[in-house]
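Let me begin by presenting the structure, written as structure tokens, before commenting on it.
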Amino acid sequence: MLLTITTTHQPATDLGFLLHKDPAKVQSFELAFGVAHVFYPEASEERCTAALLLDIDPVGLVRRPKSSGGEMPILRQYVNDRPYVASSFLSTALSKVYGTAMGGRSRGRMELAGTAIPLEAHLAAVPCAAGEDLLRDLFEPLGYTVGVESHALDPAYPEWGDSRYYSVALAATVRLADLLTHLSVLIPVLDNEKHYWVGSDEVEKLLRRGGEWLQRHPRRDQIVARYLKHRRRFIREALERLIEADGNTPDDDQAQEPHEEPEQAIERPIGLHEQRMGTVMAALRTSEARRVLDLGCGEGRLLELLAREPGIDEALGIDVSFREVEEARDNLKRLPERRQAVIRAEHGSLVYRDARLGGWDAAVLLEVIEHIDPARLPVVERNVFEFARPATVVVTTPNVEYNPRFPTLPAEEKRHRDHRFEWTRQEFQAWASTAAGRFGYTVRFVPIGPDDAKVGSPTQMAVFQCN
């Protein structure tokens, strides 16, 4: 089995420092199931490729003591795809051969090890019986551009159709440690098999390598189940710990706790929450949208309004907080059964590409962007305006100029402790106009709440229309 990793970061030969493998040498590493060879097909200042070739000993696999329990049929022991396809063997080899790089360490190049650089990974043969969609659903939310080439069962008999094997190309600007970690977790998930016994130590390994990205991945539950070989006790333990971590750890993308309540206490005297909801619903009616995304849905208050709106056929709420998604689902259970089927809330994060967000008429980001770290806003912009690309996008955010008008808000404080920023009218309009021009939208601005002649309205809204 073969994995190549290529960079065009210059000097590209720094890839050797990151991997702790000299581009001028061919190196071999003895493993329990074969030999791993590392070599560089190309190594120049402009482009460098490191290849990991895993030579598995199929006879040795049969003859070594079994640790996974149970015996395979004799023929299958000797005739199978294990020596050729990316599987848990490759995942193990990555940790053994590239363990230092996977840990984000590089002697003499620590700054580079912590830097996102352009990387391409090519897997010669990946088994995925679930098909190309799963391949994309696993890697695209992590920011990769995914190229997939299917292979026929037998080119001589095209009527037999395609096999379950694919050649896969991944491209992104990421840290090398992140790429290696993603591969080490997701390769066994694609294969849906492991060559060794799965115990409680695998839960620890998954949580250690999954980190924050697994908490927010839209295919989280499926990743956990496949990685742990569908062992219910371990799946339950892993998911419970992921949810617990989500509830107790501050989030870098959106608030983990309900982000409306502190603001409502400040804004309640002027009824701003109700005005905000009403103005957003009016914008959606004007757009004639019938299928609506609520991005950052919280406990589902906008979803409940959408459920009762005659012109809305379907709505999907997405939120990074597992706790709020569960609360939204509980609230939606009050709806008539026929509406519960088309108004739903699911877990997800705006900083990852998500195939579920494509094909909708409108998207709403209601008091959401101010909870996102400014460095991640460009990623969110692409995910919403470029990849999801609804015809209408409605964005609301606080107007910081109005804050002195709230008698209970201390001077210089934001309306919520999780707000990463609060924009002036000029700052918001500059951001929205730039995003609109970049992605092919027009934008108009609507004040929400009492419009003060000096400082404007307490909430500002932008309505984007796709050209």
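Predicted model, so just to flag it, every value in this text is computed and none were measured.
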Full working for salt bridge (charged side-chain N to carboxylate O under 4.0 Å, His left out) between E237 and R233
CA-CA 6 Å; E237 178 186 349; R233 176 165 68 90; 5.2 Å; no

Any Lys/Arg nitrogen of [X] or [Y] sitting under 4.0 Å from an Asp/Glu carboxylate oxygen of the other?
X: K229; Y: E202; answer: no
X: K333; Y: D330; answer: yes
X: E299; Y: R301; answer: yes
X: R208; Y: E204; answer: no
X: E381; Y: R438; answer: yes
X: E346; Y: R344; answer: yes

Determine the interplanar angle of the W423 and W431 rings, folded into 0 to 90°, and report it as parallel if under 30°, tilted if 30 to 60°, perpendicular if over 60°.
tilted

Residue pair [X] / [Y], side-chain heavy-atom distance below 4.5 Å:
X: I318; Y: D294; value: no
X: V393; Y: V395; value: yes
X: V384; Y: L295; value: yes

Look only at the side chain of [X] and the backbone of [Y], and say whether a donor-acceptor pair between them is shorter than 3.5 Å.
X: S287; Y: L284; answer: yes
X: E422; Y: R415; answer: yes
X: K21; Y: V97; answer: yes
X: Q340; Y: L335; answer: yes
X: R226; Y: V189; answer: yes
X: S349; Y: V320; answer: no
X: T4; Y: A51; answer: no
X: R291; Y: G359; answer: yes
X: D313; Y: R290; answer: no
X: Q275; Y: I448; answer: no

What is the distance from atom [atom1] of [X] to atom [atom2] of [Y], rounded to the nearest 0.5 Å?
X: R338; Y: I343; atom1: CZ; atom2: CD1; result: 10.0 Å
X: L94; Y: S184; atom1: CG; atom2: OG; result: 6.5 Å
X: S28; Y: L53; atom1: OG; atom2: CG; result: 9.0 Å
X: L123; Y: L170; atom1: CG; atom2: CG; result: 6.5 Å
X: S91; Y: I187; atom1: OG; atom2: CD1; result: 6.5 Å
X: E140; Y: R219; atom1: CD; atom2: CZ; result: 11.5 Å

With side chain to side chain contact (heavy atoms under 4.5 Å, CB included) as the criterion, how do D354 and N383 come out once you've worked through the C-alpha distance, each side chain's angles and the decisive distance to 0.1 Å?
CA-CA 8 Å; D354 190 337; N383 289 339; over 6 Å; no

Under 6.0 Å between the ring centres of H347 and H217?
no

Compute the ring centroids of F29 and H37, then answer whether they are less than 6.0 Å apart.
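No; H37 has its ring centre 6.0 Å or more from that of F29.
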
What's the shortest heavy-atom distance between [X] and [Y], and which atoms?
X: A328; Y: G298; value: CB-O, 3.6 Å
X: R175; Y: A113; value: CD-O, 3.7 Å
X: L316; Y: R356; value: CD2-O, 4.2 Å
X: N331; Y: E304; value: CB-OE2, 3.8 Å
X: F139; Y: L186; value: CE2-CD1, 3.7 Å
X: C297; Y: A345; value: SG-CB, 4.4 Å

If you count every heavy atom of other residues, nucleotides or ligands that lies below 6.0 Å from F439 atom CZ, does the total exceed 12?
yes

Verify whether one side chain among [X] and [Y] offers a donor that lies under 3.5 Å from an acceptor in the other.
X: H182; Y: Y144; result: yes
X: R209; Y: T181; result: no
X: S167; Y: H151; result: yes

What verdict does the side chain to side chain contact (heavy atoms under 4.5 Å, CB included) test give for L365 and T396, after you've listed the backbone C-alpha separation in whole Å, the side-chain angles of each residue and the deciding distance to 0.1 Å?
CA-CA 6 Å; L365 290 88; T396 75; over 6 Å; no

Under the side chain to side chain contact (heavy atoms under 4.5 Å, CB included) rule, what do D361 and T392 come out as? Steps first, then yes or no, please.
CA-CA 6 Å; D361 300 330; T392 301; over 6 Å; no

Can you list the steps and then say if L112 with L18 is a side chain to side chain contact (heavy atoms under 4.5 Å, CB included)?
CA-CA 8 Å; L112 182 60; L18 293 176; 3.9 Å; yes

Give the intermediate values and the outcome of salt bridge (charged side-chain N to carboxylate O under 4.0 Å, His left out) for residues R420 and D418.
CA-CA 6 Å; R420 302 308 198 254; D418 187 69; 2.6 Å; yes

